[in-house]
Number of protein chains: 2
Amino acid sequence: MSPRPKVGLEINEILEAAGEIADVFGIQEVTLANLAKKLGIRPPSLYNHFDGLGGLRKKMAIYGINCLYEELAPSAIGVSGDEAVLAISNAYVNFARKHPGIYEATLMAPDMEDEDVQQAGAKVVELSVRVLQAFELKGDRALHAVRGLRSILHGFSALEQSGGFKMDLDLNVSLEIIIKAFINGMRAS
Amino acid sequence: MSPRPKVGLEINEILEAAGEIADVFGIQEVTLANLAKKLGIRPPSLYNHFDGLGGLRKKMAIYGINCLYEELAPSAIGVSGDEAVLAISNAYVNFARKHPGIYEATLMAPDMEDEDVQQAGAKVVELSVRVLQAFELKGDRALHAVRGLRSILHGFSALEQSGGFKMDLDLNVSLEIIIKAFINGMRAS
DNA sequence: AAAATAAAACTAATGTTATTAGTTAAAGGG
DNA sequence: CCCTTTAACTAATAACATTAGTTTTATTTT
């Protein structure tokens, strides 16, 4: 076995620091210069932990997807049917509200087709599939339903974050109405 | 009247060039350096047309929203009800497919609360409201429905663009099923 | 037609950034 | 105690946005 001094926590510390910068100052402020300053090291030293800015973005995407999953998974425990879908929906948008930078990083990998990124995303998809299984959708309809749910949740979160919803109308009410309409519509046919 | 030499077409030429760069090479390649090179001028000269990179992003957002509106508006002519909603939905995602960079720029303004940006977006919202009016939703439900439709369309487009839909399943079929489920669900209650 | 004026181009310079190359310190495994 | 790996460092480079000050260009006005 080759020697490996104190790896494991190191990279996670870095990602946490990067996540804080992203949440507080915005994703565009996550530069190697700012990240190094926050960690008390020099920018070139970061190349020992990931392959440049692109490598950081990839690791942040995976880290963010895992964070999201950690919040989604427990929300769906002990509930089923409509209630379960509403539960993970609320958990999803609340995560995006609480961690706007980390959430944004979720979709900012240089190559979203990358195997590691896809693998992290697969867990979230599987969770959605399980929650939607109660509706007993036939064949491909279950997969279309997963796409619909993800589209709604991501679109809603992204638009809310970028100030796309201007009107004075309660956002949580909107989400509940939208989700209920979608699952009722999927169930109907 | 003060002298104004050949303004009017100038800025639109610049935005078209920026849009081409965004569509072909990605939004991150829309730099002042690349844009100036494409236009055959030096980077500092661009400051005569907009206020730096932030100013360009704002103008590109407005330009992109207007482009989107130009494609959406005619698609809803001569149709109504479900057919109209499906028509603008297809027009929306097809625009994002054909102009991924310009579409992305739509939500990349430094300040989405900016009055000019909001004003451009308002036209798209009004169009959605008109199309959904056939469903005779009561009170706030019409506004919630607009939010739902926008969430679906933006989420679907963004996820498709970033490779978020991995599975081998026809995307146009997904969109039709999702939209139909949503409007049927909204109508039901 | 000539002069005045305003827009839009330019050069030069600055500060920030990511990145590479080569080097040094440090820590765990044999 | 030595070896190897990791992770830090310094120094240097290239690309970028941006500012300041200047010159060209073209239209408007006299």
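Letters A, B, ... are given to chains in the order of the sequence lines, protein chains preceding strands, and every chain is numbered from 1.
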Starting from [atom2] on [N], measure out to [atom1] on [X] and report it in whole angstrom.
{"X": "A:Arg57", "N": "C:dA18", "atom1": "CZ", "atom2": "P", "value": "9 Å"}
{"X": "B:Ile41", "N": "D:dT25", "atom1": "CD1", "atom2": "P", "value": "15 Å"}
{"X": "A:Leu56", "N": "C:dA18", "atom1": "CG", "atom2": "P", "value": "10 Å"}
{"X": "B:Ile11", "N": "C:dA7", "atom1": "CD1", "atom2": "C1'", "value": "13 Å"}
{"X": "A:Leu32", "N": "D:dA8", "atom1": "CG", "atom2": "C1'", "value": "15 Å"}
{"X": "A:Asn34", "N": "C:dT17", "atom1": "CG", "atom2": "C1'", "value": "10 Å"}
{"X": "A:Leu46", "N": "C:dA18", "atom1": "CG", "atom2": "C1'", "value": "11 Å"}
{"X": "A:Asp51", "N": "D:dA7", "atom1": "CG", "atom2": "P", "value": "14 Å"}

Which of the following nucleotides, [options], is nearest to the side chain of [X]?
{"X": "A:Ser45", "options": "D:dT19, D:dA8, C:dT19", "result": "D:dA8"}
{"X": "B:Pro44", "options": "C:dA9, C:dC10, C:dT19", "result": "C:dC10"}
{"X": "A:Tyr47", "options": "D:dA17, C:dA18, D:dC9", "result": "C:dA18"}
{"X": "A:Asn48", "options": "D:dA20, D:dA7, D:dC16", "result": "D:dA7"}
{"X": "B:His49", "options": "D:dT18, C:dA8, C:dT19", "result": "C:dA8"}
{"X": "A:Ala33", "options": "D:dA8, C:dT17, D:dT18", "result": "C:dT17"}
{"X": "B:Leu53", "options": "C:dT11, C:dT19, D:dA17", "result": "D:dA17"}

Donor-acceptor contact present, side-chain B:Arg147 to main-chain A:Leu169, <3.5 Å: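 Present.
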Donor-acceptor under 3.5 Å (B:Asn94 side chain, B:Asn90 main chain): yes
Short N-O contact, A:Lys58 and A:Asp111, less than 4.0 angstrom: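 Result for this pair is no, no salt bridge flagged.
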Sugar-phosphate, base or nothing in reach of B:Thr31, heavy atoms under 4.0 Å: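 Sugar-phosphate contact only - B:Thr31 comes under 4.0 Å of backbone atoms but never of a base.
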Verdict with supporting geometry, B:Asp82 and B:Lys180, salt bridge (Lys or Arg N to Asp or Glu O under 4.0 Å): CA-CA 7 Å; B:Asp82 292 27; B:Lys180 279 184 176 171; over 6 Å; no
Six-ring centre of A:Phe50, A:Lys59 cation under 6.0 angstrom, axis tolerance 45°: no
